[in-house]
**Q** 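Would you mind keeping the following structure in view while I ask a few things?
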Amino acid sequence: MFFDSHRIIVMAVAPVESITSLSSDLFYDILRRLDGPTLASAACTCASFSSISKEESLWENVCSSVWPSTNREDVKSLISSIGGYRKFYADCFPLIVNKEVGEYQWNNNLQYPDDWTEAEYYGDMIEFESISPSDFVSIVDIRFKEKPICSKVLWGIPNANGYDEWFFNCPFRIDLLSCADRDDNNDGVVTLSVSDGLPPITSMEREKKDGKLWQELRDGLLLSWIIVNKKIKQSANLASWSPLDGQRHWPTDKDFVFRFGSVLSAKGILPSEAVQCILIMKFRVVHIEEEGVQTNLKATELSMQLEDMECAHVNGRNSLLILKEALSCRRSNNFSEVLESCLMYSKVQNKLKEEKIKNESRLDTLCILSGIVAVMTFWYYVL
């Protein structure tokens, strides 16, 4: 996996009396060749490495290799303003993990969103007034088989102009492919072809059977979606790097949908106390080999939305509060922990659905019995 790679450096050097006799330039030259995890480990080996590893230029190189979008001048200025590249890497390389999902207990007095009070559904207005959609920046990078294929930066949140009731109450959603980026020469179109490592496909019927293209996409795609809050100078990666799940041939035979994301805390914001951040990436097959052109795919969707335990989209007001809380939540470099957190969320969500169906079934049965009793009582008095 991309973020688990480690590099072993073997060097032949002349005997020296001590490591301190080596020049700092040589140390710097060694450290600048390391990836992030190895550089962090090297910093713990000796005082000299620890001192030099604090150089911002080293971490700028690391961030540039992991997130090509950080090469942009506006992003460089943003990272400098929120604490520098070292802090940015430490905040955004680990993934969000929420292990408190298993402790979630649905409040029996507030079983359905219709029963929530306005204060419970819309959150704390005093805290909310300190958050603005313009405070958030999305930094997105997509890789396929370790090769960068797309970098996008979105300042602010779309459709939040005016910060009015429409944004407060409507489902929160960020769609990057519908937002034109002036720096993109291809007008925001993201494509994949055989030259990027895709297998040549001669027939979609054959692809349906062997799923070779689907498997290559599922195993090769990596997504990073970093959210930065300029005001509080915090950032976090909301993606799961690798896809959590996906769907072949939907809604047409030529579509492939992949879902990334994480489980975010909603304590004090929603009664469910947890929501799922869902990042959707959709590709459509544009050309296949039998059409005389190499296999070619185009991204048709790259979006973010938040869903609660009821699978309902979270509105704009609560989404801003949740995103702000996500910037200070627990993180981990272990992808299996992220996957476990998401699976635990799905398990609790399915249990809630089952309980809701049972309650609705009991209510339907009660209504039917009440109707039968009412009819029998009516005819008893009539006759």
Side-chain angles (χ1 to χ4, degrees), residues 2 67-69 138-154 157-159 171-226 238-262 276-307 311 313 342:
F2 171 71
W67 305 291
S69 53
S138 292
I139 302 175
V140 180
D141 288 281
I142 306 173
R143 289 176 177 267
F144 181 67
K145 294 186 175 181
E146 307 294 349
K147 176 184 176 182
I149 62 171
C150 174
S151 293
K152 287 183 173 292
V153 179
L154 179 65
I157 294 177
N159 304 318
F172 173 85
R173 179 184 172 90
I174 297 178
D175 194 335
L176 284 184
L177 295 188
S178 67
C179 304
D181 190 336
R182 296 179 181 178
D183 294 334
D184 286 341
N185 297 324
N186 58 1
D187 294 327
V189 176
V190 182
T191 59
L192 278 174
S193 64
V194 172
S195 59
D196 296 311
L198 287 181
I201 302 299
T202 57
S203 167
M204 290 307 299
E205 290 298 324
R206 184 179 182 85
E207 163 58 24
K208 287 181 183 179
K209 294 179 181 179
D210 59 32
K212 189 174 181 180
L213 179 59
W214 162 259
Q215 185 174 352
E216 290 288 333
L217 284 171
R218 182 191 60 193
D219 296 341
L221 282 172
L222 296 171
L223 173 65
S224 170
W225 190 312
I226 295 171
L238 303 183
S240 50
W241 283 110
S242 297
L244 296 172
D245 55 48
Q247 191 167 1
R248 296 173 59 186
H249 311 304
W250 185 91
T252 71
D253 290 344
K254 295 186 176 183
D255 286 304
F256 300 90
V257 181
F258 299 91
R259 191 165 80 162
F260 304 75
S262 53
Q276 190 165 26
C277 176
I278 300 174
L279 309 176
I280 299 292
M281 189 187 302
K282 184 188 297 183
F283 285 91
R284 174 166 295 177
V285 179
V286 179
H287 298 291
I288 57 178
E289 298 294 316
E290 66 179 13
E291 297 171 347
V293 183
Q294 67 175 7
T295 302
N296 189 279
L297 276 66
K298 180 179 71 173
T300 57
E301 182 179 339
L302 181 56
S303 63
M304 174 202 293
Q305 60 193 35
L306 304 183
E307 285 189 0
C311 294
H313 292 179
C342 293

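Please read all numbers here as calculations on a predicted model, not as lab measurements. If you read the sequence from its start, that first residue is 1, and numbering goes on from there.
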**Q** Which heavy atom of Asp196 sits nearest to which heavy atom of Lys145, and what is that distance?
**A** O-CD, 4.5 Å
**Q** Does any non-hydrogen side-chain atom of Pro68 lie less than 4.5 Å from one of Arg143?
**A** yes
**Q** Hey, what do you get for CG (Leu244) to CD (Gln276), rounding to the nearest 0.5 Å?
**A** 7.0 Å
**Q** Does a side-chain heavy-atom distance below 4.5 Å link Val140 with Leu223?
**A** yes
**Q** Using the test side-chain hydrogen bond (donor to acceptor under 3.5 Å, both in side chains), find all partners of Arg284 that sit at least two apart in sequence or belong to another chain.
**A** Asp255
**Q** Please list, chain by chain and in numerical order, all residues satisfying salt bridge (charged side-chain N to carboxylate O under 4.0 Å, His left out) with Asp253, sequence neighbours excluded.
**A** Lys208
**Q** Mind checking whether Phe258 and Phe283 have parallel, tilted or perpendicular rings, split at 30° and 60°?
**A** perpendicular
**Q** Between the main-chain N or O of Phe260 and the side-chain N or O of Ser240, is there a donor-acceptor pair closer than 3.5 Å?
**A** no
**Q** Roughly how far apart are Ser224 OG and Leu279 CG, rounded to 0.5 Å?
**A** 10.0 Å
**Q** Can Phe256 and Val285 be said to form a side-chain contact (heavy atoms from CB on, under 4.5 Å), step by step?
**A** CA-CA 8 Å; Phe256 300 90; Val285 179; 3.5 Å; yes
**Q** Please assess Ile142 against Leu302 for the test side-chain contact (heavy atoms from CB on, under 4.5 Å), listing each intermediate value before the final yes or no.
**A** CA-CA 10 Å; Ile142 306 173; Leu302 181 56; 3.7 Å; yes
**Q** Quick one: closest heavy-atom pair of Met304 and Cys277, and the distance?
**A** CG-SG, 3.9 Å
**Q** Assess whether side-chain contact (heavy atoms from CB on, under 4.5 Å) is satisfied between Arg259 and Ile278, documenting all intermediate values.
**A** CA-CA 7 Å; Arg259 191 165 80 162; Ile278 300 174; 3.3 Å; yes
**Q** Might you point out which heavy atoms bring Lys282 and Pro251 nearest each other, and give the distance in Å?
**A** NZ-CD, 4.3 Å
**Q** What is the distance from atom CD1 of Ile174 to atom OG of Ser138, rounded to the nearest 0.5 Å?
**A** 4.0 Å
**Q** Looking at Leu238, is its backbone amide N or carbonyl O close enough to the side chain of Ser262 to form a donor-acceptor pair, meaning the two atoms are under 3.5 Å apart?
**A** yes
**Q** Nearest 0.5 Å please: distance from the CG atom of Leu213 over to the NZ atom of Lys254.
**A** 12.0 Å
**Q** I need the Asp141 CG to Trp67 CH2 distance, nearest 0.5 Å.
**A** 9.0 Å
**Q** Report yes if the side chains of Lys152 and Leu177 come closer than 4.5 Å at any heavy-atom pair, otherwise no.
**A** yes
**Q** Could you state the interatomic distance from CG (Leu176) to CG (Leu154), rounded to the nearest 0.5 Å?
**A** 5.5 Å
**Q** Is it the case that the side chains of Asn296 and Ser193 hold a donor-acceptor pair, with the cut-off being a distance below 3.5 Å and no angle test?
**A** no
**Q** With side chains defined as the heavy atoms from C-beta onward, is the minimum distance between Leu198 and Leu297 less than 4.5 Å?
**A** yes
**Q** Is there a side-chain contact between His313 and Arg173, using heavy atoms and a 4.5 Å cut-off?
**A** no
**Q** Kindly determine whether His249 and Glu207 satisfy side-chain contact (heavy atoms from CB on, under 4.5 Å), including the steps that lead there.
**A** CA-CA 10 Å; His249 311 304; Glu207 163 58 24; 4.1 Å; yes
**Q** For Ile201, is there any backbone N or O sitting under 3.5 Å from a side-chain donor or acceptor partner on Thr295?
**A** yes
**Q** Just checking, any donor-acceptor pair under 3.5 angstrom between side chains of Ser303 and Glu301?
**A** yes
